[in-house]
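Proteins come first, then strands; the chains are lettered A, B, ... in the order of their sequence lines, and each starts at number 1. Every value quoted in this text rests on a predicted model; they were computed, and no experiment measured them.
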There are 2 protein chains.
Amino acid sequence: MRTFETVLAQIEQRIAADGLTVGDRLPGERQLAEQLGVGRSSVREALRVLETLGVVSSQVGRGPDAGAVLISRPDGTLADLLRLNLGLATMSAREVLDTRLMIERWSAARVTSAPAAMTEALAAMDAAGSPEEFVTHDIAFHVALTDAAGNRLLSAVLRALRDALVSNAVEAVRRLGHTGDLQADHRRIHAAIEAGDAAEAVAAVTAHLARAYPGLSLTQNVF
Amino acid sequence: MRTFETVLAQIEQRIAADGLTVGDRLPGERQLAEQLGVGRSSVREALRVLETLGVVSSQVGRGPDAGAVLISRPDGTLADLLRLNLGLATMSAREVLDTRLMIERWSAARVTSAPAAMTEALAAMDAAGSPEEFVTHDIAFHVALTDAAGNRLLSAVLRALRDALVSNAVEAVRRLGHTGDLQADHRRIHAAIEAGDAAEAVAAVTAHLARAYPGLSLTQNVF
DNA sequence: AGACCAAATATGGTCAGACCATACACCTTT
DNA sequence: AAAGGTGTATGGTCTGACCATATTTGGTCT
């Protein structure tokens, strides 16, 4: 086993043993290297892995906020994962879109009150001056819906999906040429959620994604 | 921006520009460092990130298979991501289980013919001598079901979920004390799929997870 | 006493060079 | 032709040095 992997295991074990949590600091790289009897480069490679996984963040300088701090931000990792694997064609856009549809239907069925962020995104989309700007707020709308469903894992996955699909989304908006239909869909989703009509909310989400991405597998109504 | 991040960007850009795909080799660390005008340690940190994301694998030695090779294995990354974030309490077991239920219901609704791996796992569970062994084949059963649905992203997520929940699963089996009911559930799922009855397959999966993990949010039948 | 400024210091970031273990390539010997 | 030894390119690791950054410290001026 490589040295940095043992360092990784020991750091993870220490996090569990000491009950470290978000916000706590790890020892400095030099100190950690000495404690574990390894070189600083091995410690750095282990920290790089943890940073990639979104559990530590390193700050330079001196003081209470410097050094490696425990965080928990899986979003970026998931987005990188999807982007790179899409680039290597291990996953198809179709699979990503099916997954997105599944998550949004699941969320739409569970959210009973539209959060303020959804309403704000709706207005921002009305005021958008470019496809890029529209898509930015469109993402915010859908992320707000999923966040409201209360499953942080699914929220993280959806954010990653949207990050990986931003270019597709901009292209889809350009292809449509206008955003009126999309906004009508958004308002239908919003209204259904405010009305507490889960079935209608699911149908509205499904119709919306079908419009944006023709060819999606929407025939299955039973989950 | 840190040096290794620019290296990362340039490697990714080169993958896209040269149309590199799974199986292709990257230049050696020393050569890459010289080409990019950076130190070898920066190249190594970038490669470590790519390895963590499951797109590169490094082999020592010499020959056609040595060096950094492009792969595409997101499973391990996802598993690490979930495990570490569960450890930091950013995600709850409940959220993970809800996600698993969603994926398995989605899969059960779409698979119309049980793959051989499901049948084999069924027999292996009958022959299992310990909870650990039972869970191993139980995982294989559920993974086979999801794989058959044909969405590699969801398959990867499910594998990661199961890896993160192995200890919970073993505990659940121990709590039940016997595996007869679980096997009956599995056979019900298997039969529904073979019969092409999507609604029954979904109901069977739902009942199965409800038995294994009491307290799951199973009341929502509408997606 | 307070405010301000400069030096000291601790931190991560990077580089260079060296050495090791590994695994194949190549040549020599039989 | 087969067998074995040597060479070599590869990743893995360590050491030591230096840099950039940001806080801490301590002194100085008002």
Side-chain angles (χ1 to χ4, degrees), chain A residues 1-12 14-15 20 22-73 76-77 80, chain B residues 1-12 14-15 20 22-73 76-77 80:
Chain A
M1 179 178 275
R2 294 177 287 187
T3 304
F4 83 88
E5 291 175 312
T6 71
V7 173
L8 212 41
Q10 293 191 260
I11 292 177
E12 188 176 346
R14 174 179 300 201
I15 290 174
L20 299 183
V22 172
D24 290 338
R25 280 181 58 188
L26 260 40
E29 295 180 357
R30 293 166 179 84
Q31 187 179 344
L32 215 40
E34 191 186 7
Q35 287 178 9
L36 302 178
V38 301
R40 192 182 156 205
S41 53
S42 294
V43 170
R44 280 185 61 81
E45 293 196 15
L47 290 174
R48 196 62 64 226
V49 171
L50 292 176
E51 183 181 316
T52 304
L53 291 171
V55 295
V56 306
S57 169
S58 295
Q59 281 84 32
V60 300
R62 180 177 168 161
D65 290 344
V69 179
L70 285 180
I71 60 175
S72 184
R73 303 196 54 83
T77 305
D80 291 342
Chain B
M1 182 179 275
R2 294 177 287 187
T3 304
F4 84 88
E5 289 175 312
T6 73
V7 173
L8 211 43
Q10 292 191 259
I11 291 178
E12 187 176 345
R14 174 178 300 201
I15 290 174
L20 299 183
V22 172
D24 291 337
R25 281 180 58 187
L26 260 41
E29 295 179 355
R30 293 168 179 85
Q31 187 179 345
L32 217 40
E34 192 185 4
Q35 286 179 8
L36 302 178
V38 302
R40 193 181 155 206
S41 54
S42 294
V43 170
R44 281 185 62 79
E45 294 196 15
L47 289 175
R48 195 63 63 226
V49 170
L50 292 175
E51 184 181 315
T52 303
L53 291 172
V55 294
V56 151
S57 169
S58 295
Q59 281 84 31
V60 300
R62 182 178 166 157
D65 290 344
V69 179
L70 286 180
I71 59 176
S72 184
R73 302 194 51 82
T77 305
D80 290 342

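- The side chain of B:Val38 sits closest to C:dC15 out of C:dC24, C:dC15, D:dT24.
- In this structure, the CD atom of B:Glu51 is 15 Å from the C1' atom of D:dT10, given to the nearest Å.
- Judged as a salt bridge (Lys or Arg N to Asp or Glu O under 4.0 Å), and not counting sequence neighbours, B:Glu34 has no contacts.
- For the pair A:Pro64 and A:Val43, both in contact range of DNA chain D, the more 5′-proximal nearest nucleotide belongs to A:Val43.
- Side-chain contact between A:Asp24 and A:Ile15 is absent, with no heavy atoms from C-beta onward closer than 4.5 Å.
- For A:Arg48, the salt bridge (Lys or Arg N to Asp or Glu O under 4.0 Å) criterion is met by A:Glu51, B:Glu45, not counting sequence neighbours.
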Please tabulate, one pair per line, all N/O donor-acceptor pairs under 3.5 Å involving side-chain atoms of residues 53-70 of chain B, not counting sequence neighbours.
residue: B:Ser57; atom: OG; partner: B:Gln59; partner atom: NE2; Å: 2.8

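- Residues satisfying the side chain to side chain donor-acceptor pair (under 3.5 Å) criterion with B:Ser72, sequence neighbours excluded, are A:Asn85, A:Thr90.
- Between B:Ser41 and the phosphate of C:dG13, there is no side-chain N or O to OP1/OP2 separation shorter than 4.0 Å.
- Every residue meeting the side-chain contact (heavy atoms from CB on, under 4.5 Å) condition with A:Arg30, not counting sequence neighbours, appears here in chain and number order: A:Arg40.
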Contact string for nucleotides 5-12 of chain C, one letter per nucleotide 5' to 3', B = base within protein heavy-atom range under 4.0 Å, S = sugar-phosphate only, - = neither, reads ----BBBB
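- In this structure, A:Asp65 places its CG atom 10 Å from C1' of D:dT23, rounding to the nearest Å.
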